[in-house]
Amino acid sequence: MDNIKQVIGVKKQKLKKLQDLKINPYPNRCKRTHKIIQLLSKKEEYIKNEEVVTITGRLGAMRRMGKVGFGNISDESGRIQIFVKKDQVGEENYKIFKLFDLGDFVQIEGNCFNTNRGEFSLRAHRVKILSKSLLPLPTVKEKVVDGKKKRFDEFSDIELRYRKRYLDLLLNPEVKEIFQIRAKILQKIREFLNSKDFMEVETPILQPLYGGANARPFVTHHNTLDIDLYMRIALELYHKRLIVGGIERIFEIGKNFRNEGMDRSHNPEFTMLELYQAYADYNDMMDITEEMILYIAKEVFKTDKLPFGDKIISLKKPWRRASMIELIKEETGFDASNFDLEKIKSFCEKHELEVDEKSGPGKLIEEIFEAFVEDELIQPTFVTDFPKEISPLAKEKPGNSDLTERFELFINGNEYGNAFTELNDPVDQRERLEAQSKLREMGDVEANVVDEDFLEAMEYGMPPTGGLGLGIDRLIMLFTKKSSIKEVILFPQMKPEE
RNA sequence: GGGCUUGUAACUCAGUGGUAGAGUAUCUGCCUUUUAAGCAGAGAGUCGAUGGUUCGAAUCCAUCCAGGCUCACCA
């Protein structure tokens with residue numbers, strides 16, 4: 001018999017022994033008078049008044065010696081040592097205690113005291129099983145060396161951590177902190193936007209047509225309607241319909257689904273914040289982005305600086321605003337402002353950038369930007385005025401038909417958001433979507449599709465509008481200093497195990 | 001998809017051609033203030049999978065599976 005089966009067998013035997021003692025290993029009721037943190041925060045008081053308290057939690061380490069035993073009990077709030085003495089709890093209760101395994105949920109009634117070694121502990125008067133575990137938890141031990149906790153046999157296999165996130169959360173306390181921060185940031189975003197009179201909305205995830213971004217969708221099928229539906233790749237087109245409908249400020253925090261590769265900054269489903277504001281433009285979107293991220297930093301982290309290795313990122317306003325063309329010129333000396341296809345191509349070839357014959361000057365300018373500029377943008381920077389060619393939903397820049405009023409936000413070399421003065425000219429919008437559609441026919445699987453229903457909404461009239469999309473997962477990565485998106489998503493997509 | 005790299009007990013890892021190892025966990029015994037408890041003993045493995053080379057493979061080779069880093073792709 002292999003090891004794990006043997007361990008499970010032992011645990012099942014113990015469960016049976018409990019049942020033989022007429023003890024329900026999974027009782028319906030339990031009792032808790034105190035969270036562990038309450039005891040820990042007023043140690044002297046609880047020792048002095050000898051109050052009888054009842055705690056519940058999962059059993060961690062066990063140190064048993066003959067007629068006395070120690071164990072650690074953890075609830076969500078903290079961890080405390082328990083001390084179980086045969087003379088104290090009695091024969092019957094001690095028998096139950098001996099049937100406890102690591103990982104079991106238990107209830108301990110007792111009073112607080114300090115052990116000879118000075119550790120604050122709970123002296124058990126009565127013990128009770130709340131839930132028997134049948135699988136052994138990986139064992140992580142820790143020792144305090146020079147005031148620092150040193151871990152042994154850490155549960156550190158990255159693949160296992162993601163596949164069995166519950167174990168990760170249980171065994172690596174810092175993981176929970178990341179998701180607490182995530183929750184807090186989301187809460188602060190909502191707080192901030194609500195204070196600015198933005199209304200939170202929910203729009204369809206299952207869509208008859210998809211749009212609002214360049215990406216391949218997931219396809220699914222509705223049985224009763226007998227039609228294919230797409231999982232949304234962006235929130236944009238439905239939000240604009242709401243702006244048409246007269247709601248002036250809206251936002252949604254929701255999942256997008258893109259059927260593309262996965263790596264440390266891409267998960268097939270990811271969380272986006274999109275917001276739209278009528279009677280506003282991309283300058284307003286820059287203001288609100290700046291203000292919101294600074295608000296998060298101050299509210300959640302009480303700072304306006306993010307240290308990154310030897311760099312310090314300052315979130316103090318104002319952030320730099322510079323056009324893509326300007327930044328390219330700054331980094332490379334190359335002036336692309338005239339959109340001269342031949343000159344741009346020869347620049348690309350000189351620098352060994354791949355040139356797709358189908359690419360226009362706008363697409364190539366973006367490639368030059370990605371190759372030379374992106375990584376240099378450490379301090380928060382709004383990169384503005386994107387080529388129109390690659391911005392089918394953004395409004396043209398007045399006086400320059402090659403450019404649009406669009407920006408992307410870069411911090412520490414990564415992209416965090418995308419925003420524009422939204423295109424609200426229905427004729428222009430139709431032309432641009434049809435141009436995308438042509439790209440599609442030429443084989444660009446990520447080009448937008450023509451959404452007649454959306455175009456019709458545009459034709460009824462949309463006010464001048466600013467729109468913003470922010471990648472929430474990446475924002476969490478920034479604030480928690482994680483380099484993998486899997487660290488900030490509770491259940492990241494994994495390949496199936498063989 | 002390319003390059004590099006990892007996969008050995010439930011967990012963390014040694015083991016580079018000659019009988020599968022350690023610590024933790026589990027079990028047995030001793031132990032009434034321990035804390036990575038201790039001491040003594042025991043059980044526990046398809047060495048990621050499949051082929052191949054070899055008298056002999058965890059080890060060498062090939063392919064595949066699942067990770068990680070990195071480059072490419074990708075709003």
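- Under a cut-off of 6.0 angstrom, the local environment of CZ in A/Arg165 is crowded, with over 12 non-hydrogen atoms contributed by other residues, nucleotides or ligands.
- For A/Thr115, whose side chain is taken as the heavy atoms from C-beta onward, the closest listed nucleotide among B/A66, B/U34, B/C11 is B/U34.
- If you take atom C1' in B/A36 and the same atom in B/U28, they sit 23 Å apart, rounded to whole Å.
- Rounded to the nearest Å, the gap between the C1' atom of B/U19 and that of B/C55 is 16 Å.
- Look at A/Lys5 and you won't find any side-chain N or O under 4.0 angstrom from OP1 or OP2 of B/G43.
- The aromatic rings of A/Phe347 and A/His351 lie tilted to each other, with the angle between the two planes from 30° to 60°.
- In this structure a side-chain-to-backbone donor-acceptor pair under 3.5 Å is present from A/Asn49 to A/Glu51.
- Side chain of A/Gln81, nearest nucleotide from B/U35, B/C74, B/U24: B/U35.
- B/G51 and B/C61 make up a base pair, with Watson-Crick or G-U wobble contacts both under 3.5 Å.
- Spacing between atom CE of A/Met62 and atom P of B/A36 amounts to 17 Å, rounded to whole angstrom units.
- Taking the P atom of each, B/C4 and B/A42 are spaced 45 Å apart, rounded to whole Å.
- In terms of polar N and O atoms assigned as donor or acceptor, the side chain of A/Glu154 never comes within less than 3.5 Å of the base of B/U12 in a complementary pairing.
- Within the structure, a side-chain polar atom (N or O) of A/Arg117 is placed less than 4.0 Å from OP1 or OP2 of B/U34.
- Using the Watson-Crick or G-U wobble rule with both distances under 3.5 Å, B/A36 pairs with nothing in any strand shown.
- Backbone-only contact: A/Leu160 has heavy atoms under 4.0 Å from sugar-phosphate atoms and none from a base.
- In the set B/U33, B/C73, B/C11, B/C73 carries the atom at the smallest distance from any side-chain atom of A/Asp263.
- Using cut-offs of 30° and 60° for the angle between ring planes, the A/Phe83 and A/Phe70 rings count as tilted.
- Of the candidate nucleotides B/C11, B/C27, B/U33, B/C27 has the atom nearest to the side chain of A/Val10.
- In this structure B/C27 sits in a base pair with B/G41, meeting the Watson-Crick or G-U test at under 3.5 Å.
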Please step through side-chain hydrogen bond (donor to acceptor under 3.5 Å, both in side chains) for the pair A/Glu487 and A/Thr480, ending with a clear verdict. CA-CA 9 Å; A/Glu487 291 290 348; A/Thr480 57; over 6 Å; no
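- Counting any heavy atom pair closer than 4.0 Å across all strands shown, A/Phe113 reaches a base atom.
- Nearest to the side-chain atoms of A/Phe155 among the listed nucleotides B/U32, B/C74, B/C11 stands B/C11.
- Within the shown strands, nothing qualifies as a pairing partner of B/A72 under the Watson-Crick or G-U definition with both distances less than 3.5 Å.
- In this structure, B/A66 and B/U6 make a Watson-Crick or G-U wobble pair, each of the two defining distances being under 3.5 angstrom.
- When distances are taken from the side chain of A/Val68 to each of B/G67, B/U32, B/U26, the shortest belongs to B/U32.
- Note on A/Lys67: a base of the nucleic acid sits closer than 4.0 angstrom, heavy atoms only.
- An OP1 or OP2 oxygen of B/G38 is reached within less than 4.0 angstrom by no side-chain nitrogen or oxygen of A/Arg64.
- At a threshold of 4.0 angstrom between heavy atoms, the contacts of A/Arg163 are confined to the sugar-phosphate backbone, with no base atom among them.
- Contacts of A/Glu366 with the nucleic acid, taken as non-hydrogen atoms under 4.0 Å apart, are absent.
- We find that NZ of A/Lys143 is positioned 17 Å from P of B/G23, with the value rounded to whole Å.
- The C1' atoms of B/C13 and B/C74 are separated by 38 Å, rounded to the nearest whole Å.
- We find that CG of A/Asn114 is positioned 16 Å from P of B/U33, with the value rounded to whole Å.
- Scanning atom types as modelled, no donor and acceptor separated by under 3.5 angstrom connect the side chain of A/Asp157 and the base of B/G67.
- Contact annotation: A/Arg63 does not reach the phosphate of B/U34 (side-chain N/O to OP1 or OP2, under 4.0 Å).
- Taking the centre and axis of the six-membered ring of A/Phe97, the NZ or CZ atom of A/Arg64 falls inside the cone set by 45° and 6.0 Å.
- B/A22 atom P lies 15 Å from atom CG of A/Asp153, rounded to whole Å.
- Of the charged side-chain nitrogens involved, none lies within less than 4.0 Å of a carboxylate oxygen, so that A/Asp168 and A/Lys164 do not count as a salt-bridged pair.
- Summarising the geometry, the separation between CG on A/Leu353 and C1' on B/A72 is reported as 13 Å, rounded to the nearest angstrom.
- Straight-line distance from the CG atom of A/Asn3 to the C1' atom of B/U8: 14 Å, rounded to whole Å.
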Please test A/Phe386 against A/Tyr282 for ring-ring contact (aromatic ring centres under 6.0 Å, His included), starting from the C-alpha separation and ending with a verdict. CA-CA 12 Å; A/Phe386 276 55; A/Tyr282 79 148; 9.9 Å; no
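- Rounded to whole angstrom, the span from the CD1 atom of A/Ile47 across to the P atom of B/U33 amounts to 19 Å.
- A close approach under 4.0 Å does occur between a side-chain nitrogen or oxygen of A/Lys141 and OP1 or OP2 of B/A25.
- Taking atom C1' in both B/U12 and B/C30, the straight-line distance is 29 Å, to the nearest Å.
- Remark: the A/Glu119 side chain and the B/U33 base include no donor-acceptor N/O pair separated by less than 3.5 Å.
- Across all strands shown, A/Lys149 has no heavy atoms under 4.0 Å from either base or sugar-phosphate atoms.
- Residue contacts shown for A/Leu102 are limited to sugar-phosphate atoms, with no base heavy atom under 4.0 Å away.
- Within the nucleic acid shown, A/Arg264 comes within 4.0 Å of sugar-phosphate atoms alone, with no base atom in reach, counting heavy atoms only.
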